Amino acid sequence: MKVHPLYDRVLLKRMEEQEVKRGGIIIPDTAKEKPQEAEIIEAGKGRINDDGKTIALAVKKGDHVLIGKYSGTEVTVDGVELVIVREEEILAIIEK
């Protein structure tokens, strides 16, 4: 299934953090915090201003970004957990 976000919405996949085991303690998945780094899978065409003009997004497909822990709406597409957020909910672009 192909998902195309509308307007200034962006479809993200949260990046899994490397699991670090210290002292043999295993943390269950339910106790782990949601990763804040995500990769943009698809992006909308942009925000529409009051004049009806489309303003392009500052992010694009393939960018790595930081989002809040509880940002956006979680959706499952073809068994993969994804998040849809508005561009304004993206905190920063990560350059590697």
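Values reported hereafter were calculated over all heavy atoms of this structure, with side chains retained and with hydrogens, waters and symmetry mates removed. Small disclaimer: the values here were computed from a predicted structure and weren't measured.
The side-chain hydrogen bond (donor to acceptor under 3.5 Å, both in side chains) test with Asp8 singles out one residue from Arg86, Lys45, Arg47, and that residue is Arg86.
Look at Glu39 and Lys61 and you find no salt bridge, because none of the NZ, NE, NH1 or NH2 atoms lies under 4.0 Å from a carboxylate O.
Between Arg9 and Val85 there is no side-chain heavy-atom pair separated by less than 4.5 Å. Within the 4.5 Å cutoff, no side-chain heavy atoms of Glu37 are placed close to those of Arg14. Side-chain contact between Leu12 and Val65: present, with at least one pair of heavy atoms (C-beta onward) separated by less than 4.5 Å. Contact of the Ile84 side chain with the Val10 side chain is not registered, since no non-hydrogen atoms from C-beta on lie closer than 4.5 Å. The closest side-chain heavy-atom distance from Leu66 to Ile90 is not below 4.5 Å.
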Lys2 and Glu42: CA distance, side-chain angles, deciding distance, salt bridge (Lys or Arg N to Asp or Glu O under 4.0 Å) verdict: CA-CA 10 Å; Lys2 189 79 173 168; Glu42 285 290 335; 3.2 Å; yes
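In the hydrophobic clustering of this structure, Ile93 groups with Ile40; members are Ile, Leu, Val, Met, Phe, Trp, Tyr whose side-chain heavy atoms approach within less than 4.5 Å, directly or through other members. Residues Val3 and Val80 share a single hydrophobic cluster, defined by chaining ILVMFWY side chains whose heavy atoms lie under 4.5 Å apart.
The CG atom of Leu6 lies 9.5 Å from the CD1 atom of Ile48; values are rounded to the nearest 0.5 Å. Of the inter-residue distances, the one linking Leu57 atom CG with Thr54 atom OG1 reads 10.0 Å to the nearest 0.5 angstrom. A distance of 11.0 Å separates CG in Leu11 from NZ in Lys13, rounded to the nearest 0.5 Å.
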